[in-house]
2 protein chains.
Amino acid sequence: MREERRTAQKDAVRRALGEESGFISAQQLHQRLSDNGASVGLATVYRQLNALVDSGLADAIPVSGGQLFRACEQREHHHHLVCENCGRAVEIDPPSEKWIRTVAKDHGFTVNRHVLEVFGLCADCHNAGVEPNDRPEAFRDS
Amino acid sequence: MREERRTAQKDAVRRALGEESGFISAQQLHQRLSDNGASVGLATVYRQLNALVDSGLADAIPVSGGQLFRACEQREHHHHLVCENCGRAVEIDPPSEKWIRTVAKDHGFTVNRHVLEVFGLCADCHNAGVEPNDRPEAFRDS
DNA sequence: ATGCGTGCAAACGATTTGCAGAGAA
DNA sequence: TTCTCTGCAAATCGTTTGCACGCAT
């Protein structure tokens, strides 16, 4: 019988992820937890993150070098506008979902899911003079 | 002085990728090359694939567990309709690019690039009774 | 001959997992 | 006590890189 147990680190990870304004890597979230005194094992961070994604409480988007996570309110389908530098993201509404089904049908495809991620720079990072092709902050050294 | 040298394995990788109908992982492409007698080192496959992506002759999309490649004709911006099982993909035209810029501007974002990938099952795989949530063929064992 | 490209194996970085101990129920 | 969850370290896995040799130029 699956028994769900409530623990301090579980709460810590959930809270930390919820406090983030944008997508964040598991490693960086782990780092942030350490900084805030709440020392949680990296493995646990990964385990919790995966659990959240499985239960639909978080989104994970694969990027070159790993994946980024973010807590998501809308259980519904939605898209993101992501800042390539700081990871800040806002949820945006879908454009023409029907267009997708139409195109898919034309090619005999059965649509299962689709991903639309818009990358760019948020106002802050843009003003800070960050170059569009810089390595994302989330995967930068030190 | 950068000197571009033509080699057998370079051609082999390019040709093999071109013959693929959809996205394929580096490992799988390497396997396919071996099967066809053209033995090319895995490292070389990666090196060539990256070179192709850099020069814009191929597309790479990050997926959980790695990345998938595909030769692309259109140097222009375009999107894909991808079969989650066999990796087959067709290039589709963008829907409302202007919609994206509008939304981005509303949030103060500077758009750099965007990704739209539609996943589902192609007619063949659908008829074969493949389940939507199966692990992609490209990353399945053996 | 010159030096780019390749193969191999070691190195890497992100993520996962085995296992013994810690703590929630 | 019971059994899940955690932490640590070792193990995986995709991908990159160092180095010595082969081959295109």
Side-chain angles (χ1 to χ4, degrees), chain A residues 1-17 23-34 37-55 58-70 87 135-142, chain B residues 1-17 23-34 37-55 58-70 87 135-142:
Chain A
M1 356 254 91
R2 186 92 305 152
E3 190 190 325
E4 184 72 5
R5 227 166 252 192
R6 157 174 276 251
T7 68
Q9 29 283 72
K10 208 173 275 190
D11 289 344
V13 172
R14 280 182 163 76
R15 176 154 28 74
L17 187 63
F23 281 86
I24 186 175
S25 67
Q27 312 254 5
Q28 194 171 57
L29 186 63
H30 171 253
Q31 181 61 55
R32 192 137 322 179
L33 283 167
S34 300
S39 187
V40 179
L42 179 55
T44 298
V45 173
Y46 275 108
R47 277 189 282 240
Q48 285 312 318
L49 248 21
N50 287 333
L52 289 174
V53 171
D54 287 344
S55 64
D59 278 346
I61 62 178
V63 297
S64 60
Q67 24 182 87
L68 299 179
F69 302 85
R70 188 191 179 202
R135 184 155 227 255
E137 190 178 78
F139 285 105
R140 217 171 280 155
D141 299 341
S142 78
Chain B
M1 351 256 98
R2 186 90 309 157
E3 189 191 328
E4 184 71 4
R5 226 166 250 192
R6 157 175 278 251
T7 67
Q9 27 288 69
K10 208 174 274 190
D11 289 344
V13 172
R14 279 182 164 77
R15 178 154 25 76
L17 187 64
F23 280 86
I24 187 176
S25 67
Q27 313 253 4
Q28 194 171 56
L29 187 63
H30 171 252
Q31 181 61 56
R32 193 138 319 180
L33 283 167
S34 300
S39 188
V40 179
L42 179 56
T44 298
V45 172
Y46 275 109
R47 277 189 281 240
Q48 285 311 317
L49 247 22
N50 286 334
L52 290 174
V53 171
D54 288 344
S55 64
D59 278 345
I61 61 177
V63 296
S64 61
Q67 21 181 82
L68 299 179
F69 302 85
R70 187 191 181 203
R135 185 157 225 254
E137 190 178 77
F139 285 105
R140 217 170 282 156
D141 300 340
S142 72

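From a predicted model like this one, the values you see are computed outputs, not experimental measurements. Labels below follow one simple rule: chain letters A, B, ... track the order of the sequence lines, proteins then strands, and each chain is numbered from 1. What's counted below: heavy atoms across the whole structure, side chains too, no hydrogens, waters or symmetry copies.
- If you check every strand for non-hydrogen atoms under 4.0 Å, Arg47(A) touches a base.
- Across all non-hydrogen atoms, the minimal contact from Val45(B) to Ala26(B) is CG1-O, 3.8 Å.
- Toward the 5' end of DNA chain C, the nearer of the two residues Ala8(B) and Arg5(B), judged by each one's closest nucleotide, is Arg5(B).
- Phosphate proximity of dT15(C) to Tyr46(A): present, with a side-chain N or O under 4.0 Å from OP1 or OP2.
- In this structure, the CD atom of Gln67(B) is 6 Å from the P atom of dT16(D), given to the nearest Å.
- With dC5(D), dT6(C), dG14(D) as the choices, the nucleotide that has an atom nearest any side-chain atom of Lys10(B) turns out to be dT6(C).
- Both Thr7(B) and Ala43(A) lie near DNA chain C, and the one whose nearest nucleotide falls closer to the 5' end is Thr7(B).
- Pairing each heavy atom of Ala12(B) with each of Val40(B), the nearest pair is CB-CG2, 4.3 Å.
- When the side-chain nitrogen and oxygen atoms of Gln48(B) are compared with OP1 and OP2 of dG5(C), none of them lie within a distance under 4.0 Å.
- Remark: P of dT15(C) and CD of Gln28(A) are 12 Å apart, rounded to the nearest angstrom.
- In terms of heavy-atom proximity, Leu42(B) sits nearest to Gln27(B) at CD2-OE1, 4.0 Å.
- Protein atom CG of Leu42(A) is 10 Å distant from nucleotide atom P of dT16(C), rounded to whole Å.
- Distances were taken from every side-chain heavy atom of Glu4(B) (C-beta onward) to each of dG5(C), dT15(C), dT15(D); the shortest belongs to dG5(C).
- Rounded to an integer number of Å, the gap from Arg14(B) CZ to dG5(C) P is 10 Å.
- For the pair Leu68(B) CG and dT15(D) P, the computed distance is 9 Å after rounding to whole Å.
- For the pair Leu33(B) CG and dG7(C) P, the computed distance is 10 Å after rounding to whole Å.
- One interatomic measurement links the two molecules: NE2 of His30(A) to P of dT6(D), which rounds to 13 Å at whole-angstrom precision.
- For Glu3(A), counting side-chain heavy atoms from C-beta on, the closest listed nucleotide (dG7(D), dG5(C), dT4(D)) is dT4(D).
- Residue Val40(A) is the one, among Asn50(B) and Val40(A), whose nearest nucleotide of DNA chain D lies closer to the 5' end (criterion: closest heavy atom).
- Taking all atoms of both residues into account, the shortest heavy-atom contact from Ser64(B) to Gln67(A) is CB-OE1, 4.0 Å.
- Between atom CZ of residue Phe23(A) and atom CD of residue Gln28(A) there is a gap of 13.5 Å, rounded to the nearest 0.5 Å.
- Between Gln9(B) atom CD and dT6(C) atom C1' there is a gap of 6 Å when expressed in whole angstrom units.
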